[in-house]
Enquirer: 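Here's a structure for you.
Only heavy atoms go into these numbers, but all of them, side chains included; no hydrogens, no water, no symmetry mates. First listed ligand is number 1; within each ligand, the first listed atom is number 1.
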Amino acid sequence: MKLKKVDEQIAKLIDKEIERQKTSLEMIPSENHTSSAVREALGSVLTDKYAEGYPKKRYYAGLEYYDKIEDICRQRAKKLFKVAHVNVQPYSGSPANQAVYFALCKPGDTIMGMSLPQGGHLTHGWKVSFSGKYFKSVQYGVDKKTSLINYDKVEKIAKKAKPKLIWVGATAYPRIFDWKKFTKIADSVNAYLASDIAHIAGLIVAGVHPSPVPHVHIVTTTTHKTLRGPRGGIIMVTRKGLKKDSELAQKIDKAVFPGLQGGPHENNIAAIAVCLKEASSSGFKKYGRQIVKNCKTLASELLKHGFDLVTKGTDNHLILIDLRNKGISGKEAQNRLEKAGITVNKNTIPYDPNPPFNPSGIRLGTPAITTRGMKEKEMRKIASWVSEVISNSKPCSEIRQEIKKLCQKFPLP
Ligand SMILES: *Cc1c(COP(=O)(O)O)cnc(C)c1O
């Protein structure tokens, strides 16, 4: 029975959301548009069965094809990221990180990560998250002048705190990570080093951001950001990781199941497999390169319009704008841009003088609009729209119409 017949209310709202996506610019850097192939796997009968355990070691019967699908997914992830072991069962990025803690740490152990207001993630030891509550968390950040990671300071903090686990990765850092510097720091205190590439996995696959794999013990990622798959998480163990701890792969698998989760979402795992196949194509490499080209063009145009960008620009898929010189808060900018048809999110800037629920910045990125096929020419147009909205020099309703027109030329996948 079709959804429209069973539940008209939900069907109508989904249709409305499709229309919203079609006619506006999705510029939240952690979001993307999935292919219809990915969504077909996601909406399949694979959601029906329990598959607790791992391929060939399951607790339920009838899993012949589920085993094959999860195995294919694991093989593809191993090959694409060049790692020794993968676990594709985490429900999302946060549960993936949680499993890493459960595999390596006991409650009360010292861990270290980048602080949330300076670009890190909740799960890297921020106080309101389990990671800051159940572990002794020490946090590093960025330099006050340059807004870049201050590696000397990171080293000092690590040497003093001697953490068991160090996280490197971020949600709002527009520059490239120097994995090697983190390796040196982690090795000097004999810590496990985990890189969380949730935002940049697609850029790494495309070769436009260096891979952490040769330098770290563990890599975690989401599958739904630049990697362009369904919502999900993957944990990877590198060769370096196995060298440090020969039981690391088993520890991770046990932490995911039965440590943290029950039945894996195999429809999701099938859709991740499809996304990994798409990500290993030459077209995806081109896509990743274009994300960065678009973002750099957008950044240089925004600078021309007088915007103050954190770190003065970008190396990757995202831009952080410090709006203080424009006399508008992040929240108001987000709301006004939404009215015009540009979806961004309010965000703290490093050393933000304003509170997190009303921060001084916005974060925007190019993964989703690049998926639609937009290029440098469209970025110039978007920068001038953002400028018009923020300076209030043209009504949002007028810009909304112009954006609708542009969107018609760039259909969703
Ligand atoms: C998005 C993100 C996560 C968490 O992913 P969820 O799927 O939202 O749980 C973890 N770490 C980083 C760096 C992220 O950007």
Enquirer: Establish, yes or no, whether the cationic atom of K331 lies under 6.0 Å from the six-membered ring centre of F357 and within 45° of the ring axis.
Expert: no
Enquirer: With a cut-off of 4.0 Å, which atoms of ligand 1 are near a heavy atom of T222?
Expert: 5 (O), 7 (O)
Enquirer: If hydrogens are left out, which of N97, D196, V168 has an atom nearest to atom 13 (C) of ligand 1, that is, the closest non-hydrogen atom?
Expert: D196
Enquirer: Please round to the nearest 0.5 Å and tell me the distance separating atom CD1 of I197 and atom CG of L227.
Expert: 8.0 Å
Enquirer: Could you tell me whether ligand 1 has any atom less than 4.0 Å away from a heavy atom of G169?
Expert: no
Enquirer: Identify the protein heavy atom lying closest to atom 7 (O) of ligand 1, giving its residue, its atom name and the separation to 0.1 Å.
Expert: S92 OG, 2.4 Å
Enquirer: Would you mind running through ligand 1 and noting each atom that sits below 4.0 Å from a heavy atom of H224?
Expert: 7 (O)
Enquirer: Measure the distances from the heavy atoms of R231 to every atom of ligand 1 and state whether one is below 4.0 angstrom.
Expert: no
Enquirer: Closest approach of V154 and F182, non-hydrogen atoms and distance?
Expert: CG1-CE2, 3.8 Å
Enquirer: At less than 4.0 angstrom from any non-hydrogen atom of H199, what atoms of ligand 1 do you find?
Expert: 15 (O)
Enquirer: Can the ring centroids of Y192 and Y101 be said to lie less than 6.0 angstrom from one another?
Expert: no
Enquirer: Within a distance under 4.0 Å of any heavy atom of G93, pick out the atoms of ligand 1 and give their elements.
Expert: 4 (C), 5 (O), 6 (P), 7 (O), 9 (O)
Enquirer: At what distance is the nearest protein heavy atom to atom 4 (C) of ligand 1, and which residue and atom is it?
Expert: H121 NE2, 3.4 Å
Enquirer: May I ask you to check if K326 and F307 form a cation-pi contact, with NZ or CZ under 6.0 angstrom from the six-membered ring centre and within 45° of the axis?
Expert: yes
Enquirer: Between Y91 and H265, what is the ring plane arrangement, given parallel below 30°, perpendicular above 60°, and tilted in between?
Expert: parallel
Enquirer: Between R175 and T311, does any side-chain donor sit less than 3.5 Å from a side-chain acceptor?
Expert: yes
Enquirer: With a heavy-atom distance limit of 4.0 Å, tell me whether S94 approaches ligand 1 through its side chain, its backbone, both, or neither.
Expert: both
Enquirer: Backbone, side chain, both or neither: what part of A170 comes under 4.0 angstrom of ligand 1, heavy atoms only?
Expert: backbone
Enquirer: Between T370 and Y287, do the side chains contain a donor N or O and an acceptor N or O under 3.5 Å apart?
Expert: no
Enquirer: Starting from atom 14 (C) of ligand 1, what is the nearest protein heavy atom, named by residue and atom, and what distance separates them?
Expert: K225 NZ, 2.9 Å
